[in-house]
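No hydrogens, no waters, no symmetry mates; every other heavy atom, side chains included, goes into these values. Every value quoted in this text rests on a predicted model; they were computed, and no experiment measured them.
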Amino acid sequence: MKYNTKSYDYLIVGAGPFGAIFAHEAAKRGKSSLIIEKRSHIGGNMYTHKEHGINVHDYGAHIFHTDNKEVWDYVNKFTEFNGYINQVVANFKGELYNLPFNMNTFYQIWGTKTPAEAKAKIEEQKQAAGITGVPKNLEEQAISLIGTDIYEKLIRGYTEKQWGRKATELPSFIIRRLPTRFIFDNNYFNHRYQGVPVDGYAPIFERMLDHSLIDVHLDTDFLGEKELFLEEFPRIVYTGMIDAFFDYKYGELEYRSVRFESETLDTENAQGNAVINYTDAETPYTRVMEWRHFDQKGDEGKTILTHEFPQEWDRTKEAYYPVNDQKNSEIFKKYKDETKSQDQVLFGGRLGAYQYYDMDQVFGAALKAVQKEFE
C-alpha cells in the first residue's frame with residue numbers, strides 16, 4: 001500500500017501533543033503532513049471523552065501546569081482553562097492527609113504548629129535514619145525531605161506500587177518532583193499557570209489538526225510497515241518508543257504501565273475530592289479520580305470514579321512511565337547515539353525521548369523542535 005499519495009512533506013508518527021503541534025506548525029508554514037496513529041483516537045494520553053456531561057480523562061488525571069508563559073499562551077489558543085487547582089488527599093488505611101507535603105500534613109502527622117517545629121522533627125528523623133551526604137536513592141531522599149513517619153505513611157507504599165520496585169532501588173530524583181512546603185498550602189503544583197480545559201483535552205487536538213494540509217490515519221501502526229514508510233517519506237517525525245524503532249537491538253527499555261477501571265454512580269459526590277491517593281501497600285490501586293470535581297460539571301445525579309492500577313509493562317500494554325534508573329539510562333544512551341545517523345527521522349515526545357515529561361514539557365519540546373526545523 002502506498003501512503004505518500006499526496007507527496008506529503010512529513011510523516012508524523014503519533015497524534016499526541018508532540019506530533020499534533022509539529023503538524024499544526026508545519027501547516028502554518030505551508031508544509032503538508034500525514035499523521036498516523038496506532039490508537040483509534042488523537043491526543044495521545046491526554047485524550048478525554050464526555051460521559052453523563054462529565055469530561056473523563058481516559059489515561060489518568062491530566063492537570064495542565066507550567067511556569068512557561070510561551071507554552072501557556074500557546075495552549076490557550078486552542079482552549080479555555082477553568083483555573084482548577086489540584087489539591088490531593090492521601091488515604092493511608094483510612095487516615096486522611098493533605099498532599100503535597102506542607103504544614104497541614106505536618107500538623108496532621110505530628111501536631112506541629114510552626115515551620116520551626118516541623119523542620120526540627122524532620123531533621124531529628126533524618127539523623128535517626130543515619131542519612132548523611134547526598135541521598136543515594138528515593139528512600140534516603142524522601143526521609144531527608146520529610147522524615148521517616150511521612151515516608152512510611154505517604155510515600156513508601158504508593159511509590160513501590162507505582163514503580164513495582166523497592167524505594168531503595170529507585171533514583172532519588174523521582175520524589176523531588178513533589179513540593180515540600182513549610183506553609184499551609186495544599187496546591188499540588190508550584191506553577192503559576194494551572195487548570196483543566198473546560199471542554200476537555202480532545203478538542204485541543206481537533207482544533208490543532210483541522211487544516212487542509214493535515215491528514216490523519218488512525219489505527220495505523222508505523223512499525224508494521226516501517227521500511228515502506230522510510231522509503232516513501234522524505235522526513236519523518238517519530239514519537240513512538242525509541243527502542244521499538246530500532247527493533248530493540250540493545251534490549252527493551254523498561255516502563256511502567258497502568259490500567260483503569262471506571263464506574264458510574266447515582267450521586268453527584270462520591271469521595272468529596274477530585275483525586276485521592278491510596279498510599280498503603282495493600283490497596284491494589286494508587287489513586288481514585290472523581291472527574292466531575294475537576295470542573296464541577298455533569299448531569300444531575302451522576303458521577304464517575306476511575307481507579308488507577310499500576311502494572312508491569314510488556315509489548316501488549318501501553319508504556320506510561322520510563323524507568324530512568326542507571327541500567328535503562330545506559331541502554332537509552334545507545335539508542336540516542338543511533339539517532340545521530342538517522343538524518344531522515346526526528347525523534348520526540350515522551351516515548352521518543354524516554355523522559356518522564358509533564359504536558360507542558362512536551363509542548364515546549366515540540367515548539368523547540370519546530371523552531372529548529374524551520375528557522
Side-chain H-bond candidate by donor/acceptor type, Tyr285 with Glu261, under 3.5 Å | no
Step-by-step ring-ring contact (aromatic ring centres under 6.0 Å, His included) determination, Tyr255 to Tyr354 | CA-CA 9 Å; Tyr255 301 85; Tyr354 196 63; 5.2 Å; yes
Residue pair Asn277 / Thr279, side-chain donor-acceptor N/O under 3.5 Å | no
Between Arg207 and Asp210, does a salt bridge (charged side-chain N to carboxylate O under 4.0 Å, His left out) hold up when you go through it step by step?
-> CA-CA 5 Å; Arg207 292 165 190 143; Asp210 184 15; over 6 Å; no
Could you list the residues that satisfy salt bridge (Lys or Arg N to Asp or Glu O under 4.0 Å) with Glu290, not counting sequence neighbours?
-> none
Any idea how His24 and Phe78 line up, ring-wise: parallel (<30°), tilted (30 to 60°), or perpendicular (>60°)?
-> perpendicular
Is the Lys NZ or Arg CZ of Arg39 less than 6.0 Å from the centre of Tyr59's six-membered ring, within 45° of the axis?
-> yes
Looking only at atom types and distance, does a side-chain atom of Glu139 sit under 3.5 Å from a main-chain N or O of Ala167, one as donor and one as acceptor?
-> no
Exercise: do Tyr278 and Asp280 side chains pair donor with acceptor under 3.5 Å | no
For Asp360, side-chain contact (heavy atoms from CB on, under 4.5 Å) partners two or more places apart = Phe64, Thr66, Val71, Asp358
Polar contact flag, side-chain donor to acceptor under 3.5 angstrom, Glu338-Tyr250 = yes
Does Gln296 CD have over 12 foreign heavy atoms under 6.0 Å away?
-> yes
Within a reach of under 6.0 Å around CD of Gln326, are more than 12 heavy atoms found that belong to other residues, nucleotides or ligands?
-> no
Angle class for the Tyr201/His62 ring planes (parallel below 30°, perpendicular above 60°, tilted otherwise)?
-> perpendicular
If we ignore angles and hydrogens, is there a donor and acceptor under 3.5 Å between the side chains of Asn98 and Gln108?
-> yes
From the options Glu169, Glu252, Glu254, select the one residue that forms a salt bridge (charged side-chain N to carboxylate O under 4.0 Å, His left out) with Lys327.
-> Glu254
Between Ser329 and Asn324, do the side chains contain an N or O donor and an N or O acceptor separated by less than 3.5 Å?
-> no
Salt-bridge criterion met for Lys368 and Glu70 (N-O under 4.0 Å) = no
So, Asp325 versus Asn328: side-chain donor-acceptor pair below 3.5 Å or not?
-> yes
Do Asn68 and His191 have side-chain N/O donor and acceptor atoms under 3.5 Å apart?
-> no
Distance under 6.0 Å and angle within 45° of the ring axis: does Arg259 meet both against Phe309?
-> yes
Check: Asp185/Asn187 side-chain N/O donor and acceptor closer than 3.5 Å | no
Neighbour count above 12 (heavy atom, 6.0 Å) for Lys28 NZ = yes
Consider only side-chain N and O atoms of Arg181 and Asn190, and report whether a donor and an acceptor are under 3.5 Å apart.
-> yes
Does the side chain of Thr79 come under 3.5 Å of the side chain of Asp199 through a donor N or O and an acceptor N or O?
-> yes
Hey, can you tell me if Phe229 and Phe233 have their rings parallel, tilted or perpendicular (30° and 60° cut-offs)?
-> tilted
Please say whether more than 12 non-hydrogen atoms of neighbouring residues, nucleotides or ligands are located less than 6.0 Å from NZ in Lys302.
-> yes
cation_pi(Lys153, Tyr97) dist<6.0 Å, angle<=45 = no
Over-ring placement of Lys226 relative to Phe245, 6.0 Å and 45° cut-offs | yes
So does Lys333 have more than 12 non-hydrogen atoms from other groups sitting under 6.0 Å from NZ?
-> no
